[in-house]
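Values below: all heavy atoms of this structure, side chains included; hydrogens, waters and symmetry mates excluded.
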Amino acid sequence: MRYTQYLLPTLKETPADAEVISHQLMMRAGMIRKVAAGIYSYMPFGLRSIRKMEQIIREEMDRAGAIECLMPMANPAELWQESGRWEKYGKELLRFKDRKETDFCMGPTHEEVITDIVRNTVKSYKQLPLNLYQIQTKFRDEIRPRFGLMRGREFIMKDAYSFDLDDEGADAAYSKMYQAYRNIFQRCGLNFRAVEADTGAIGGSFSHEFMVLAASGEDAIVSCDTCEYAANVEKAELLYRESKTPPATAELQKVDTPGQKTIEDVAAFLKVEPRQLVKTLIIQTSEDEVLAVLLRGDRELNEIKLTNLLNVDWVLMAEDDVVKQTTGAPTGFAGPIGLKVRVIADSEVQEMADFVVGGNAVDVHYLGANLDRDFAVGRFADIRQAVGGDSCPRCADGKFESWRGIEVGHVFKLGTKYSEAMNATVLDDQGKARPLVMGCYGIGVGRTVAAAIEQNHDEYGMALPMPLAPFQVLVSMVNPKDDAIREASEQLYRQLLDLGVEVLLDDRDERPGIKFKDADLIGIPLRVTVGSRNLKEGRVELKVRAGGEMLLLSVAEAAQVVRQMVDDALLFIVK
RNA sequence: CGGAGCGUAGCGCAGCCUGGUAGCGCACCUGGUUUGGGACCAGGGUGUCGGAGGUUCGAAUCCUCUCGCUCCGACCA
């Protein structure tokens, strides 16, 4: 491709509304343009990366035995009413009517449509296992789209659905997908973790999220430094240590703590560490219960763990007036001593003695509080948020490391939720109808490309890994008005095309500075510079965008060397 | 949806408080010089000042309503 015949509108300045690096760089490098909130056009240069991502997905899905199909964006309400999600999905589901006033929605995911297809076409266990996938544009009317392609309303997603006769089959399908996902993200050259995830509202049996590690990630994850265990902090289990409470050595002592409400305030005021405090959170549940939750002062409550423990729909921090009613004091002074409500403590609290707690009265705390002697705890459980440094629950001496992650993929064992709701059954070898056991598997295509940029950039621009880069090599003719330069560049360009290398020839009549700045910005992995400085000796300069290595090559050998380097870069990542 | 903020040229912004000719930088077009890290000279045009209503002799500026967008919280690929 010749630059002068291409559309690659680079921006010198960062658009004001782009917050994260990938969004900024994709805008500046002319990969995407915004059409409306969370809705983008893929410009030619960006689309090339998207297509490469799709192709990698396609190859690995096919290799794992999945079959590609394509379902419609417009879904009839009928199917969604059948699964019950027409009512449940909420405003994220973009609904509309056709000219006959029939209800439709834009598909945010396709369990309904695929289940409908399968129930109508698959009748026998002999047709199983089956795994169908598509790469398609989804629409979710997100409350708050942001970060460019990272969280759009309209976005390209690969979604796959597996159908099996029984749980064992479904588990096998799941692990195939798990492995396919590992291959996909590995081939993209991404640094990622597959983490155990909460199954949330869908309620399936298990689930993994694939997280690309990046500082801008919206999810917090932990991974063991010794074994394979990794999990979203929402889910991360903590080692339950059966431990004896140490003996009390201090007297319970009431102290004035005027105006000291937060853990930090109280700790500083009393000249103790936050870990010597026990904080008391007053919690309300969906079952209308009010209870107290105890955590070591420096720890955070994991609301999902608590929700699961209590087997309720939701929990939340109590409103100020409920706190006042329960403890007799305004928020900030709650403590377990003398409380009338149920008390649940994080297991870690069991190991504490002589700690500080709130006094259930304005400006009052207790020093030297102790379990049993001063108050009773109904139950100890793992209810706190995992953090870096915590012990791994799966191996003897591993410790957690903490990361920020971007969720690029999710594999989910669905079970029979949809097949039962929509009556999708097959006959087994006994001639008996059995509901299909399903799994679903998603990858955010644009989000993965964005995540790759988050992970591969520097102050000058992006440096996408070879497998995702829009072009493999940029040939930059420093001065197109110089005949020798032009001829050498054209020759090299043709040779590269003949060798099947994806090459962009910068044949613009621009000053070298502009060409080099643009080259760094758009970050094509290899750059060949043809300029008078080296051409005098019959040489061109080959520069690697990501590492910065540079070598001088003769004009004659350059194309072959580039071909080889491209192959190496693609192979290295496949391993 | 709750809170905060922004809409002025393709992009980045000033002007608004205190009403009176719509501006700056970049980009763009023409000509010339220049050609290894975002050049220089000369010339050029670019706008429903987000929209609607109101106040006023006069509104980008003041008032009301509206639409759009961005950021912070609960959802998710």
Checklist entry - So what does A/Asp518 touch, heavy atoms closer than 4.0 Å: a base, only the sugar-phosphate, or nothing? => result base

Checklist outcome for this item: Rounded to whole Å, the CD-C1' distance (A/Gln24 to B/rC71) equals 14 Å

Checklist entry - Could you give the CZ-to-C1' distance, from A/Phe210 to B/rC76, as a whole number of Å? => result 17 Å

Checklist entry - How is A/Val478 classified with respect to the nucleic acid when contacts are heavy atoms under 4.0 Å: base, sugar-phosphate, or nothing? => result base

Item to check | Per A/Arg447 side chain, nearest of listed nucleotides B/rC1, B/rG37, B/rC76 | outcome: B/rC76

Item to check | Touch class at under 4.0 angstrom, heavy-atom based, for A/Leu11 against every strand present | outcome: nothing

Item to check | N or O in side chain of A/Lys12 less than 4.0 angstrom from B/rA27 OP1/OP2 | outcome: yes

Checklist entry - When we call it a touch if two heavy atoms are under 4.0 Å apart, what does A/Asp520 touch: a base, just sugar-phosphate, or nothing? => result base

Next on the checklist: Quiz question: by atom type and distance under 3.5 Å, do the side chains of A/Tyr174 and A/Ser162 form a donor-acceptor pair?
Outcome noted: no

Checklist entry - Roughly how far apart, to the nearest Å, are B/rG68 and B/rG36 at atom C1'? => result 45 Å

Checklist entry - To the nearest angstrom, how far is A/Glu510 atom CD from B/rU34 atom P? => result 17 Å

Next on the checklist: Side chains of A/Gln134 and A/Asp159: any donor to acceptor distance under 3.5 Å?
Outcome noted: yes

Next on the checklist: Heavy atoms only, 4.0 Å cut-off, all strands: where does A/Thr14 land among base, sugar-phosphate and nothing?
Outcome noted: sugar-phosphate

Checklist entry - Does A/Arg151 make a side-chain donor-acceptor contact with the base of B/rC76, cut-off 3.5 Å? => result yes

Next on the checklist: Please classify the nucleic acid contact of A/Gly409 as base, sugar-phosphate, or nothing, using heavy-atom distances under 4.0 Å.
Outcome noted: sugar-phosphate

Checklist entry - Which part of the nucleic acid, if any, lies within contact of A/Asp141, taking any heavy atom under 4.0 Å across all strands shown: a base, the sugar-phosphate backbone alone, or nothing? => result nothing

Checklist entry - Under the 5.5 Å and 30° test, is A/Phe516 stacked on the base of B/rG36? => result no

Next on the checklist: Heavy-atom count check: over 12 atoms from other residues, nucleotides or ligands less than 6.0 Å from A/Phe96 CZ?
Outcome noted: yes

Checklist entry - Within the structure shown, what part of the strands sits under 4.0 Å from A/Arg28 by heavy-atom distance: base, sugar-phosphate, or nothing? => result base

Checklist entry - Counting any heavy atom closer than 4.0 Å, what does A/Arg486 reach on the DNA or RNA strands: base, sugar-phosphate only, or nothing? => result nothing

Checklist entry - Looking across every strand, which nucleic acid part, if any, lies under 4.0 Å from A/Lys34 by heavy atom: base, sugar-phosphate, or nothing? => result sugar-phosphate

